[in-house]
Amino acid sequence: QVQVVESGGGLVQTGGSLRLSCAASGSIRTINAIGWYRQAPGKQRELVAVITSNGTTNYADSVKGRFTISRDNTKNTAYLQMNSLKVEDTDVYYCQVVDYELGPGKYEYELWGQGTQVTVSS
């Protein structure tokens with residue numbers, strides 16, 4: 001069974017740092033893109049950062065210069081290093097795996113994790 005599991009969330013003070021991990025497990029051979037999203041209650045889920053298989057990255061303007069996304073293709077794992085955290089970064093953070101290969105010629109579109117809570121206190 002394939003699944004995505006996020007970890008690393010928690011409570012931190014303004015200006016602090018957290019490192020989130022996203023691990024895709026099961027019979028996943030390769031992954032095209034991995035993205036981090038966040039969502040507050042009653043709001044739409046928004047893209048935070050995304051990284052492709054060749055390392056190309058893209059960030060939301062609100063996190064540029066503070067967050068860094070990276071990945072380890074050998075482990076099907078992505079990370080989100082979050083520095084200089086602000087109260088407004090408080091959200092549930094979700095990982096999305098896009099275009100993953102389960103076997104020769106067998107691809108699935110997307111897979112989501114269950115989310116991890118990040119809370120930044122003032």
May I ask you to say whether K64 pairs ionically with D61, meaning some side-chain N is under 4.0 Å from a carboxylate O?
yes

Between D91 and K43, is there a salt bridge with N-O shorter than 4.0 Å?
no

ring-ring contact (aromatic ring centres under 6.0 Å, His included) involving Y59 - partner list, sequence neighbours excluded:
none

Give the minimum heavy-atom separation between P104 and R29, together with the two atoms involved.
CD-NH1, 2.9 Å

Contact summary for L111 and V4, nearest pair of heavy atoms:
CD2-CG2, 3.7 Å

From the list T116, L18, V48, I34, side-chain contact (heavy atoms from CB on, under 4.5 Å) partner of L80 resolves to V48

Using a distance-only test with no angle check, is there a side-chain donor-acceptor pair under 3.5 angstrom linking S17 and N83?
yes

I'd like to know whether CD of E88 has more than 12 heavy-atom contacts from other residues, nucleotides or ligands below 6.0 angstrom.
yes

Between N32 and R71, which heavy-atom pair has the shortest distance, and what is it?
O-NH1, 3.0 Å

Within this structure, what is the OG-CG distance for the pair S53 and N73, rounded to the nearest 0.5 Å?
7.0 Å

How close do T57 and I69 get, counting heavy atoms only, and between which atoms?
CG2-CG2, 3.6 Å

Separation between OH of Y93 and CD of Q39, rounded to the nearest 0.5 Å:
12.0 Å

Euclidean distance, R19 CZ relative to Q81 CD, rounded to 0.5 Å:
6.5 Å

So, taking the atom named CD in Q114 and the one named OG in S7, what distance separates them when rounded to the nearest 0.5 Å?
9.0 Å

Connecting only ILVMFWY residues whose side-chain heavy atoms lie within less than 4.5 Å of each other, what is the rest of Y79's hydrophobic cluster?
none

Here the pair of heavy atoms bringing C22 nearest to W36 is CB-CZ2, 3.4 Å

With ring centroids as reference points, do Y37 and W112 lie under 6.0 angstrom apart?
yes

Between V98 and Y109, does the side-chain contact (heavy atoms from CB on, under 4.5 Å) criterion hold? Intermediate values first, please.
CA-CA 6 Å; V98 179; Y109 176 57; 3.9 Å; yes

Nearest 0.5 Å, what's the CZ-OG distance between R66 and S84?
7.0 Å

Q1 side, atom CD; Q3 side, atom CD - distance, nearest 0.5 Å
6.0 Å

With a 4.5 Å cut-off on side-chain heavy-atom distances among I, L, V, M, F, W and Y, is there a chain of contacts connecting L47 to V63?
no

Side chains of T30 and E101, donor plus acceptor under 3.5 Å
yes

Salt bridge E46-R38, side-chain N to carboxylate O under 4.0 Å:
yes

Quick one: do V92 and V97 end up in the same hydrophobic cluster if we chain Ile, Leu, Val, Met, Phe, Trp and Tyr together by side-chain heavy atoms under 4.5 Å apart?
no

Do L85 and V87 belong to the same hydrophobic cluster, where Ile, Leu, Val, Met, Phe, Trp and Tyr are linked whenever their side-chain heavy atoms lie under 4.5 Å apart, directly or via other members?
no

Do you reckon Y94 sits in the same ILVMFWY cluster as V120, going by side-chain contacts under 4.5 Å, direct or chained?
no

Working for side-chain contact (heavy atoms from CB on, under 4.5 Å), residues S27 and V2
CA-CA 6 Å; S27 55; V2 296; 4.0 Å; yes

When you measure from the side chain of E6 to the backbone N and O of G115, does any donor-acceptor pair fall under 3.5 Å?
yes

Considering non-hydrogen atoms only, spot the tightest contact between I31 and A24 and give its length.
CD1-CB, 3.9 Å

Cluster question for you: counting only ILVMFWY and a side-chain heavy-atom cut-off of under 4.5 Å, with indirect links fine, are V50 and L20 together?
no

